[in-house]
Amino acid sequence: LPVQGVIMEGEAPAKSHRVRHSGRKAEKRQQKDNEAETKQRNPKAFAIQSANKLNRAFRRAQDVKSRKHHIPVVDRTPLEPPPVVVAIVGPPKVGKTTLLNGILKHYTRQKISNIQGPVTLVTGKHRRLTLIECNNDLTSMIDVAKIADLILLMVDASFGFEMETFEFLNICQVHGFPKVMGILTHLDSFKQPKTLKKTKKNLKHRFWTELYQGAKLFYLTGMVYGEYPRTEIRNLCRFISVMKFRPLTWRSSHSYVLADRMEDITDPEKLRVEPHCNRNISVYGYVRGTHLKPSTMVHIPGLSFSLNYSTFGHAVFPSFSIYRCLSPSMTPIFPPNHPFKCGGLPLRTLSIDPSNYPCLSPHYPHPTPQVLGITPISPPFHPQLPPFHPPQSIMMSSMIDTTTTMDSKMTESKVALFTGEEPLSMEQAESCLFVTSCVNSSVWNVNVSMHRTLNQLAVIPLTTRRGGEPSSREEEEQGREDSGIDGSSEGEIFRGLGGSCICILYFSPFWLNNIFSSLLQTFVDDSDDESSQDEYEHEDGGEDGKPSDNEVRFDVRTLCSWGVDTCRELSEQTRMNREEFENMDDATRVLYEGFRPGLYIRVELHNVPTELVEHFDPTYPLILGGVTSTEGNMGYLRTRVKRHRWYKKILKTRDPVIVSVGWRRYQTLPMYYMEDHNLRQRMLKYTPQYMHCWGLMYGPITPQGAGFLAVQSISGSTPQFRIAATGTILESDCSTNLVKKLKLVGYPYKIYKNTCFVKGMFNSPLEVAKFEGASIKSVSGIRGHIKKAVTGGGKEQGPPGSFRGMFEDKLLMSDIVFCRTWYPVQVPKMYVVASNLLIQKKDSWTAMKSVGQLRFEQNVKVPVKGDSLYKPIVRPEGRQFHGLVVPRALQRELPFKSKPKNERGKKEGKRDKLMKKAVVREPKDKQIAALMVALRTMDNSKKRTKKEERKKQMAHHKMMLEKQEIKDHWRHKEAKKKIYKALAKSEKRKSKSST
């Protein structure tokens, strides 16, 4: 091929570009040049004109820049990440299945129908997708929100946003908001373009209100032969293929597996003897989130048990990075009910009928309907277990292995790392084991057998300082978390040996020579090499790896630089962790870090209830969520709760609610309270209407900051909003300090000035002894305290429990004495897992009902306590209270304003004197008085009628005046128009005559 810029022999020179000298482009170029020359010639004229305007522009630029800042997060994305989970969510009859079929047809070039369960397919050289359709069920929406990386939220444009859409968005807000893309369907039902445009605008702004300004909203205009247009599906797939995902906090710290396939591996003989015995199942899927340790406890939403045994194997995923683009023949698809161990089915043999694929389980030779079957795996590999080769599938797997790609075969072949060396097999390529001991500044190497136990092995992060001290606690935790090594093994190395440091490291031979010298400098304390020590401290920023106090400046520039440096450190740590394990064989690597994200594993679960297998539904996601050792313990969770503003009722203490927190979904009895200024936890009977409150509930220990939501029922569907409350986990504890107010009531029976003897508050002298010194108060507001119980005989002897109290003032016998106390309340220990996966109809699971529901169903009235009813206050009549008497000595000290004045009495009039006398009228006088009253009433009625008529006349007159004013205004306006037109004509005539 000819080199660019070189003219070959016999070829004509290339035509040069001719610049236009006329036309629009030339004019624009000339104008631009003139402006540039003017600015250069007179720079002062183009300087700052307004300081305020510059200030606003600068502030806006800084605001835009600060919005782009985010908290640095650890990038734990593996080199071969698991497929991206794309969930299609929406209310019924909105087009979810049609969209799923359209996306599959776009990638596979053929129609696929009746998909039940997740479907995994290859969409690019470095990306795979797992498509899952979410049922219109509250439990399915909760599970999908926890695992989905991208949500395709479908909305019927002809109907608008439905209640299920808002419920799902609230669920996503609680469990870590994934990427959400809205899709409008049924747009072909609009006949008028103006109405369609207005509807799109309204729905878009409502969608932005729920998510954020500028959220992507896709439009599917209509249907063509029962399918969406190919161009729109192609554009949608392009959006999905280039979308980036930010790691969520819960998923970054917890491992989980979305089950692609589930098999029953129970012994057939055991099933024959006992058909309803507990089953042993095998679950297949990709590891997502963080590393999954073999000893990790797992939780299935709807079921909970420990992980007994697991094996793993790589998914046969051929490498397509050498190709520029993928053709349809290169794109494999892993449909449901597909247990084959190959890299995907050829498209010509693709079928969804489960009867076409026999099960490959060694204990289950006949076809099984409990198979999700999405992504197949290679034979499982474990260093302590024999290979998993079912005898029924030897001939079938040998036939299928012919479809293995060249890349997969190359990974199984021998490799020569350097020229001139012999090829290395899998056994020879195992990392060499070296034991480096730093005792008295001496180093030696000792070969150790590969069959050491896991407790004797440990990997030291490359960020370790000399003498085995980590650079900082943050770096130590970061290195431990990213490398996937348990902190206990690392801590034993440094704590158990005192001054010495034994580091057992795995190194691959081809890069051992390059880093051996750096390891000696890192782990060997050389006091002579001070220059390297100074350089090391200078690079790290100080003696302890942190900047000094004088260097820390809390301004914007320091914050930005801190973010950049933190991102750089996190990326460097991630790179070092990858290099540490990249040349280690999988068997050894799993022992150190567990099953890393991206591996396709097989998990065996034992003693599973038989209902899970009998009532298995592949359309409901089966999730294996990793649970840490701390989260397996039970305790009390202190939460901050707020009733959802769309929920119709307020929540009552001790009413059962179903809580979704972390991977778990269970029913408990929360108790709500408010925290006073003195940190007292005061129980509430109901949640506040529009405020936050605190809540205590019993359940598994959950990390702080985890969100949760509460619903009162997950069975059936209601037209009302179902999410009752949302909140956050504040802390976990094993005890509670919840109290409620209790008022003790007593009545005085003897009064001596400020001393009063009270009865009825306590039942025995022992109870009085416990409350000695407690504050008491009367209804009239007089304060006092309890002194002693009345035990001896005498005039003051009262019933058992009487006591003597001292008050600020003298009490009356009609007073009531209160003692305000706080009574501890116990939170009920109720924890019931919502096991909806064990029933036939998954959306009909019901648990404990509230007392109000039971009374409503059984038509039982609320019991009424007579003491709790409000009673009319009956006070003794004829009681005379003395007026306020101020002593004369005190009057002399008071100012004039506060002194009592001698007010004169009001003089009585003639009418007042007559009213005091009783007048008895004669019958004739009574008739005259009645006649006068009748005449006065008639006169008042006539005056009232005339007044109303006068008002109506005034209103009518006012309306007529307004109309007349409007007519006059228009008449004057028309007259002005005529005058101005005549003037304009006369001026035109004058101008013409003058010209």
Peer 1: Tell me whether the rings of F161 and F166 are parallel (<30°), tilted (30 to 60°) or perpendicular (>60°).
Peer 2: tilted

Peer 1: Within this structure, what is the CG-NZ distance for the pair N202 and K197, rounded to the nearest 0.5 Å?
Peer 2: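 Interatomic distance, N202 CG to K197 NZ, rounded to 0.5 Å: 12.5 Å.
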
Peer 1: When you measure from the side chain of R127 to the backbone N and O of S241, does any donor-acceptor pair fall under 3.5 Å?
Peer 2: yes

Peer 1: State, without any angle test, whether T630 and T628 hold a side-chain donor-acceptor pair at a distance under 3.5 Å.
Peer 2: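 No - no donor-acceptor pair under 3.5 Å links their side chains.
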
Peer 1: Kindly say whether M848 contributes a backbone atom to a donor-acceptor pair with the side chain of Q667 at under 3.5 angstrom?
Peer 2: yes

Peer 1: Measure from the side-chain N and O atoms of R238 to the backbone N and O of V242, and report whether any donor-acceptor pair falls under 3.5 Å.
Peer 2: no

Peer 1: Just by distance, do the side chain of R251 and the backbone of Y256 share a donor-acceptor pair under 3.5 Å?
Peer 2: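 It does not hold such a pair.
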
Peer 1: Quick check: are there more than 12 heavy atoms from other residues, nucleotides or ligands sitting under 6.0 Å from NZ of K200?
Peer 2: yes

Peer 1: So does D143 pair up with R665, basic N to acidic O under 4.0 Å?
Peer 2: yes

Peer 1: Start with the C-alpha gap between K179 and I151, add the side-chain angles, then the distance that decides, and say whether side-chain contact (heavy atoms from CB on, under 4.5 Å) holds.
Peer 2: CA-CA 6 Å; K179 287 275 187 177; I151 304 294; over 6 Å; no

Peer 1: Does a side-chain heavy-atom distance below 4.5 Å link P178 with L150?
Peer 2: no

Peer 1: P703 and W250: which non-hydrogen atoms are nearest, and at how many Å?
Peer 2: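 Smallest interatomic distance, heavy atoms only, reads CD-CZ3, 4.0 Å.
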
Peer 1: Please check if the side chain of S732 supplies one atom and the backbone of T702 the other of a donor-acceptor pair under 3.5 Å.
Peer 2: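 The answer is yes, because a donor-acceptor pair under 3.5 Å joins these two groups.
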
Peer 1: Checking T185 side chain against V94 main chain: does a donor-acceptor pair fall under 3.5 Å?
Peer 2: yes

Peer 1: If we count only N and O atoms by modelled type, under 3.5 Å, do the side chains of T97 and E133 hold a donor and an acceptor together?
Peer 2: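 Yes - a donor-acceptor pair under 3.5 Å links their side chains.
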
Peer 1: Take atom CZ of F239 as the centre, draw a 6.0 Å sphere, and report whether it contains more than 12 heavy atoms from other residues, nucleotides or ligands.
Peer 2: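 No - once you tally the heavy atoms of other residues, nucleotides and ligands closer than 6.0 Å, there are 12 at most.
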
Peer 1: Less than 6.0 Å separating the ring centroids of W694 and Y672?
Peer 2: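 W694 vs Y672: aromatic centres not under 6.0 Å.
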
Peer 1: Does the pair E675/R638 count as a salt bridge with the N-to-O cut at 4.0 Å?
Peer 2: yes

Peer 1: Which pair of non-hydrogen atoms, one from M671 and one from V827, has the smallest distance, and what is that distance?
Peer 2: SD-CA, 3.8 Å

Peer 1: Is the backbone of A215 close enough, under 3.5 Å, to the side chain of W208 for a donor and an acceptor to pair up by distance?
Peer 2: yes

Peer 1: Looking only at non-hydrogen atoms, find the nearest pair between Y107 and C237 and report the distance.
Peer 2: OH-CB, 3.5 Å

Peer 1: When you look at T120 and T130, which way does the side chain to side chain donor-acceptor pair (under 3.5 Å) test go after all the steps?
Peer 2: CA-CA 4 Å; T120 302; T130 296; 3.1 Å; yes

Peer 1: Taking the side chain as everything from C-beta on, heavy atoms only, tell me whether L622 gets closer than 4.5 Å to I300.
Peer 2: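 In short, these two side chains touch, coming nearer than 4.5 Å.
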
Peer 1: Does K198, at its NZ atom, have more than 12 non-hydrogen atoms belonging to other residues, nucleotides or ligands within less than 6.0 Å?
Peer 2: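 Atom NZ in K198 is not packed in, count stays at 12 or less.
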
Peer 1: Can a donor-acceptor pair be found between the side chains of T846 and S715 at a distance below 3.5 Å?
Peer 2: no

Peer 1: Might you point out which heavy atoms bring Y666 and V833 nearest each other, and give the distance in Å?
Peer 2: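 That would be CB-CA, 4.0 Å.
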
Peer 1: Side chains of V641 and F708: closer than 4.5 Å at any heavy-atom pair?
Peer 2: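 Touching, per the 4.5 Å side-chain cut-off.
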
Peer 1: Compare all side-chain heavy atoms of S713 with those of R722 and state whether any distance is below 4.5 angstrom.
Peer 2: no

Peer 1: Measuring from atom CE of M141 to atom CG of N135, what distance do you get when rounded to the nearest 0.5 angstrom?
Peer 2: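 One finds 10.0 Å between CE of M141 and CG of N135.
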
Peer 1: When rounded to the nearest 0.5 angstrom, what is the spacing between CG in D137 and OG1 in T619?
Peer 2: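 The CG atom of D137 sits 9.5 Å away from the OG1 atom of T619.
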
Peer 1: Take L138 and I171 through the side-chain contact (heavy atoms from CB on, under 4.5 Å) test and state the conclusion after the steps.
Peer 2: CA-CA 10 Å; L138 200 58; I171 292 170; 4.1 Å; yes

Peer 1: Using the side chain to side chain donor-acceptor pair (under 3.5 Å) rule, take Q712 and Y647 through it: C-alpha gap first, then chi angles, then the decisive distance, then the call.
Peer 2: CA-CA 11 Å; Q712 288 197 328; Y647 195 67; 2.9 Å; yes

Peer 1: With heavy-atom distances below 4.5 Å as the criterion, would you say the side chains of Y286 and L258 are in contact?
Peer 2: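 No - every pair of side-chain heavy atoms lies 4.5 Å or more apart.
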
Peer 1: Any chance you could lay out the side-chain contact (heavy atoms from CB on, under 4.5 Å) test for K216 and V180, step after step, and finish with the verdict?
Peer 2: CA-CA 8 Å; K216 182 61 182 173; V180 178; over 6 Å; no

Peer 1: Please tell me whether Y698 and Y831 form a close aromatic pair, meaning their ring centres lie under 6.0 Å apart.
Peer 2: no

Peer 1: When you compare the side chains of H254 and E631, does any donor N or O come within less than 3.5 Å of an acceptor on the partner?
Peer 2: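 E631 and H254 do have a side-chain donor-acceptor pair below 3.5 Å.
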
Peer 1: Rounded to the nearest 0.5 Å, how far does CD1 of I88 lie from CG of L99?
Peer 2: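 Output value for this atom pair is 4.5 Å.
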
Peer 1: Could you tell me if the side chain of V711 sits less than 4.5 Å from the side chain of L709, heavy atoms only?
Peer 2: yes

Peer 1: Taking side-chain contact (heavy atoms from CB on, under 4.5 Å) as the criterion, tell me which of L153, V86, L217, L236 meets it with M181.
Peer 2: L236

Peer 1: At their closest point, which heavy atom of L612 faces which heavy atom of V608, and how far apart are they?
Peer 2: CD2-CG1, 3.3 Å

Peer 1: In Å and rounded to the nearest 0.5 Å, what is the CG to CD distance from N114 to Q116?
Peer 2: 5.0 Å

Peer 1: Locate the shortest heavy-atom distance separating P828 from R654; write the atom from each residue and the value.
Peer 2: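 P828 and R654 have their closest heavy atoms at CG-NH1, 3.8 Å.
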
Peer 1: With ring pair (Phe, Tyr, Trp, His ring centres under 6.0 Å) as the criterion, how do H644 and F721 come out once you've worked through the C-alpha distance, each side chain's angles and the decisive distance to 0.1 Å?
Peer 2: CA-CA 9 Å; H644 202 282; F721 197 75; 4.6 Å; yes

Peer 1: Working note: Y219 + K204, criterion side-chain contact (heavy atoms from CB on, under 4.5 Å); need CA distance, chi angles, decisive distance, verdict.
Peer 2: CA-CA 11 Å; Y219 304 109; K204 179 180 68 174; 4.2 Å; yes

Peer 1: If I take atom CG from residue N836 and atom NZ from residue K841, how far apart are they, to the nearest 0.5 angstrom?
Peer 2: 13.5 Å

Peer 1: Backbone N or O of P83 within a donor-acceptor pair of the R288 side chain at under 3.5 Å?
Peer 2: yes

Peer 1: Looking at A725, is its backbone amide N or carbonyl O close enough to the side chain of K642 to form a donor-acceptor pair, meaning the two atoms are under 3.5 Å apart?
Peer 2: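 No.
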
Peer 1: Within the distance-only criterion (no hydrogens, no angle test), does the side chain of R640 pair as donor or acceptor with the backbone N or O of C693 below 3.5 angstrom?
Peer 2: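 Side chain of R640 to backbone of C693, a donor-acceptor pair under 3.5 Å: no, none is there.
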
Peer 1: Hey, are the side chains of L211 and F177 touching, using non-hydrogen atoms and a 4.5 Å cut-off?
Peer 2: yes

Peer 1: Counting C-beta onward and ignoring hydrogens, is there a side-chain heavy-atom pair between V627 and R664 closer than 4.5 Å?
Peer 2: yes

Peer 1: If we ignore angles and hydrogens, is there a donor and acceptor under 3.5 Å between the side chains of E232 and T221?
Peer 2: yes

Peer 1: Is it true that the side chains of K146 and S660 contain a donor and an acceptor less than 3.5 Å apart?
Peer 2: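 The answer is yes; a qualifying pair exists.
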
